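First comes the structure, then the notes that go with it.
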Amino acid sequence: MSRYEPSLIEPKWQGAWNEAETFKAVRSEDKPKYYVLEMFPYPSGRIHIGHVRNYTMGDVIARYKKAVGHNVLHPMGFDAFGMPAENAAMASGGHPKTWTYDNIDTMVSQMKPLGFGLDWSRMFATCDPEYYGQQQALFLDFLEAGLVYRRNAVVNWDPVDMTVLANEQVIDGKGWRSGAEVERRELTQWFFKISDFAEELLDAIDGLDDWPAKVKLMQANWIGRSRGLQFAFSTVEAPEGFDRIEVYTTRPDTLMGASFVGVSPDHPLARQLERHSPEVAAFCAEARKGGTTEEALEKAEKLGFDTGIKVRHPFDTSWELPVYIANFILMEYGTGAIFGCPAHDQRDLDFARKYDLPVASTFVPLAGDHVLPEDGGEAYVPPKTETVRFVRGLQGEVEQTGEEAIDSTVDFCEANGVGQGVTKFRLRDWGLSRQRYWGCPIPVVHCDTCGVVPEKKENLPVVLPDDVGFDIPGNPLDRHPTWRDTPCPKCGATARRETDTMDTFVDSSWYYARFTAPRAETPTDMAEAAYWMNVDQYIGGIEHAILHLLYSRFFARAMQITGHLPASAIEPFDALFTQGMVTHAIFETKDANGRPVYHFPEEVELVDGGARLKDGTAVEVTSSAKMSKSKKNVVDPADIIARYGADTARWFVLSDSPPERDVEWTASGAEAAYRHLGRVYRIAAEVAGAEDTPGKGDEDLLRAMHKCIFDVTQGVESFGFNAAIAKLYAFTNTLQKSGAGTAAKREAARTLAQLMSPMTPHLAEEIWQMLDGVGLVAEADWPQADEAMLVEDSVTLPIQINGKRKSEITVAKDLPKDEVEKVVLADPAVQKALDGGSPKKLIVVPGRIVNVVV
RNA sequence: GCCCGCGUGGUGGAAUGGUAGACACAGGGGACUUAAAAUCCCUAGGCCGAAAGGCCGUGCGAGUUCGACUCUCGCCGCGGGCACCA
């Protein structure tokens, strides 16, 4: 009998699928379509097990949907622009383009042996001029439709390297290479008007029935609709033109507890004062230090500068509040000015205590031993839905919720001409400008006479020049005269190209649409898009829950407005699944200076409970973490395939852990998966070679088979791949131990192969062929569970006494409740517990459980 | 700091509010073998007990319920996101 040899059977069946063009997606009206998409990878170098897991899940869905009669589109591409390519070029002197395309070649050559049912003919990379040229066309259409504009926005500025830094390049407020303290600096940048869609993007979340609730909640919070009050303080002794300061607040009910007004260092008032006062200028310069992230702002020490200017409280003009310039207020949020209410905001309270400003509670809890913030307690910040007692409200002493108080304050302010109730969104416009080379050039030209002029569509793509160097920091496009200088598309005079490139989120915001017609001469082909869109099942990491998915939802709307997608596709992803990461233990020793040294798993030997290097050095095994090259806790799929084959890798990444949770890669787990597949192969080969003989238990085996069909189908449909695999293990055990006749065993083994085929497609083909299956199992119809074979006629009911399981009874499935009660009361364990008495309560849940309360 | 998750044996994990630990890994015992590998069988949450059996047990603390891993509230720990990482 032959052995299970993946290295022989896997290439063979991959060849057969290619030959038959099994996975080529062709538009056809005779079957329902199904579009399954995994978030495409960044070409970082080599694929890792996390990729294998992600694409295997998609492949299971794709192969299963094909088997149940769909016309499936399952494409693959690369998200190929971005910083790592430039960093590699800086580190080793190569070119981002070479680095990127080499990586893509490597990754494709690693992915193909995994046997994914992908339509490779549709592959593209976002750095292909054919792709980004169409993206430039989209940009021009968006510009024309008024969906794009320019304005100033802050960036992280490295004053030593004279360059813009990404947030991840700012470490503890310092530039990653120069070590210089980073400053926030304003630049004129391009923006997509996503905020125009805030309400629509928020409301449409309700319709995303097959998205995880947590993702919908995160998006809703991110968009952040709030009802608040916008009003102006009138100033005292302010410079000319600053007789009012506009503020927005979501807590107008705390207005009577106001204690100061704060403005951003970039507020026009601060800018004005800065010009005349060196102290203000020094404070603002200091306040601008540090990164731009919300996290950095929130965690930085809160500092203020008293301008000496006062404002009048809107409800009591004799009440004056000081105006501070404060480092934690960003000009880009709201109006760039706030009022501080220390009693009901911890940040304001810290600020007030630091600068000795008054603290006055406007409301207190209904009950409990509350220490007022004015008496040294914490700021009191209850949820807006909680009822509190107002002590300094506009209506005097009332008990109401924050919401009620906010509404009545807004009404009062509107009636008295103090301000206006407005609905605002937290969502800000999407800044797409990047001062970097390796991205899609923004196709506009700056002309001294005509201003900002869009490039003509016939001049697209605006291709990145190849002759650039990365030895000096900054954007090489800025210092490339022959690329930068170009005739103005309008007047023909010499003008300058825009040297900013696009955020890589732009690239990934429409690739799903491009896959429907990847070679079209326009961004999309409407007939293809109308047929294939939407993505029926989108699969990717939870880390993309907000930005990527929100930007894609915006793009689908913008593409619909500009005629590139049908209206039916404005929500591009019908169903979303967020999978967990693959983690691995980290192996660590220390060098002579006590610094950690990391080791690849294959360098480490595991010995009873401990670990050591080949030379005997003890290795510390630290808890499992996301695989990363720097920690060397990576497993290369190529090694796994070489050792065990693709099917083992696929089977293992799906088993054990639920797909949405992280999975820990362990060598022993992979070994076990391999042994199991070998066992399935042996059982099938034995059955295939057996003489036709009758046996005992045919019906039991076939019942188990139908139960398995039912369970696996349900598992695959509901992303319960680990549960489906557990059922396949159990059924394999049943089959192995079965004494059934050869015919029944053949049927069982063939069905087993089919049920395994989405996960281990090569092995499944091999067994299918051994057992005389017709054609390719990849093209066969999915087995149907026979309902009649699933019905059990008797059922085992556990008996609980006071909620603890003490006994069980087996009764006919449809035995009436009162009959069940009789059987229960006769049970010895129940008799013993009752001790002659009668039960307080007897709960019978039909087909489930019995609980006796004594 | 803010938003969102997660937490179950030695390990990965299973469980429409209804028998906690399915299935698997590692472990222990056994069969086959001159031996090993491979394969197969048995065992297996903790504590007490010879056994029958009993008690405890899903991060911690409360609550709702006949019944809570599951729902509610509070805490602890870990992870994801925070708008220029992708």
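Bear in mind the structure is a predicted one, so any value in this text is a computation, not a measurement. Naming: A, B, ... by sequence-line order, numbering from 1 per chain.
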Return yes if a side-chain donor-acceptor contact under 3.5 Å exists between [X] and [Y], otherwise no.
X	Y	result
A:D500	A:Q435	yes
A:Y538	A:W211	no
A:D827	A:S807	yes
A:R553	A:Q219	yes
A:D350	A:Q346	yes

Candidates [options] - which lies nearest the side chain of [X]:
X	options	result
A:A166	B:G81, B:C84, B:G12	B:C84
A:P658	B:C84, B:A86, B:A14	B:A14
A:Y42	B:C84, B:A86, B:G5	B:A86
A:Q800	B:U16, B:C85, B:A20	B:A20
A:R682	B:U39, B:G18, B:A20	B:U39
A:E295	B:C82, B:C84, B:G7	B:C82
A:R675	B:C25, B:G1, B:G18	B:C25
A:N733	B:G81, B:A24, B:C66	B:A24
A:I546	B:C4, B:C41, B:G81	B:G81
A:N722	B:A86, B:C40, B:A14	B:A14

What does [X] touch in the nucleic acid at a heavy-atom separation under 4.0 angstrom: a base, only the sugar-phosphate, or nothing?
X	value
A:H544	base
A:V853	sugar-phosphate
A:K841	sugar-phosphate
A:K806	sugar-phosphate
A:V852	nothing
A:G678	nothing
A:I843	base
A:W222	base
A:P41	nothing
A:R347	nothing
A:I725	nothing
A:N802	nothing
A:K216	nothing
A:Q169	nothing

Ignoring backbone atoms, establish whether [X] has a side-chain N or O less than 4.0 Å from OP1 or OP2 of [N].
X	N	result
A:S657	B:G12	no
A:S655	B:A24	no
A:N167	B:A83	yes
A:R661	B:A14	yes
A:Q219	B:G81	no
A:R428	B:A83	no

Quiz item: [X] side-chain donor-acceptor pair to [N] base, under 3.5 Å:
X	N	value
A:Q189	B:C84	yes
A:R848	B:U16	yes
A:N221	B:C3	no

*So, is B:G9 syn or anti if syn means the angle is within 90° of 0?*
syn
*May I ask you to decide whether A:E671 forms a salt bridge with A:R643, counting only side-chain N to carboxylate O separations under 4.0 Å?*
no
*Using a strict 4.0 Å threshold on nitrogen-to-oxygen distance, state whether A:D429 and A:K193 make a salt bridge.*
no
Separation of [X] atom [atom1] from [N] atom [atom2], in whole Å?
X	N	atom1	atom2	answer
A:D79	B:C84	CG	C1'	14 Å
A:D350	B:G1	CG	P	12 Å
A:M218	B:G5	CE	P	7 Å
A:R805	B:G53	CZ	P	11 Å
A:K707	B:C23	NZ	C1'	14 Å
A:L547	B:G81	CG	C1'	8 Å
A:I809	B:U19	CD1	C1'	13 Å
A:I223	B:A83	CD1	P	16 Å

Can I get a per-line list of side-chain donor-acceptor pairs under 3.5 Å for residues 150-157 of chain A, giving both atom names and the distance, sequence neighbours left out?
from	atom 1	to	atom 2	distance (Å)
A:R151	NE	A:Y149	OH	3.2
A:N152	OD1	A:T188	OG1	2.9
A:N156	OD1	A:T292	N	2.9
A:N156	OD1	A:T292	OG1	3.3
A:N156	ND2	A:L165	O	3.2
A:N156	ND2	A:N167	OD1	2.9

*In terms of the angle between their ring planes, are A:F81 and A:W438 parallel, tilted or perpendicular, with boundaries placed at 30° and 60°?*
perpendicular
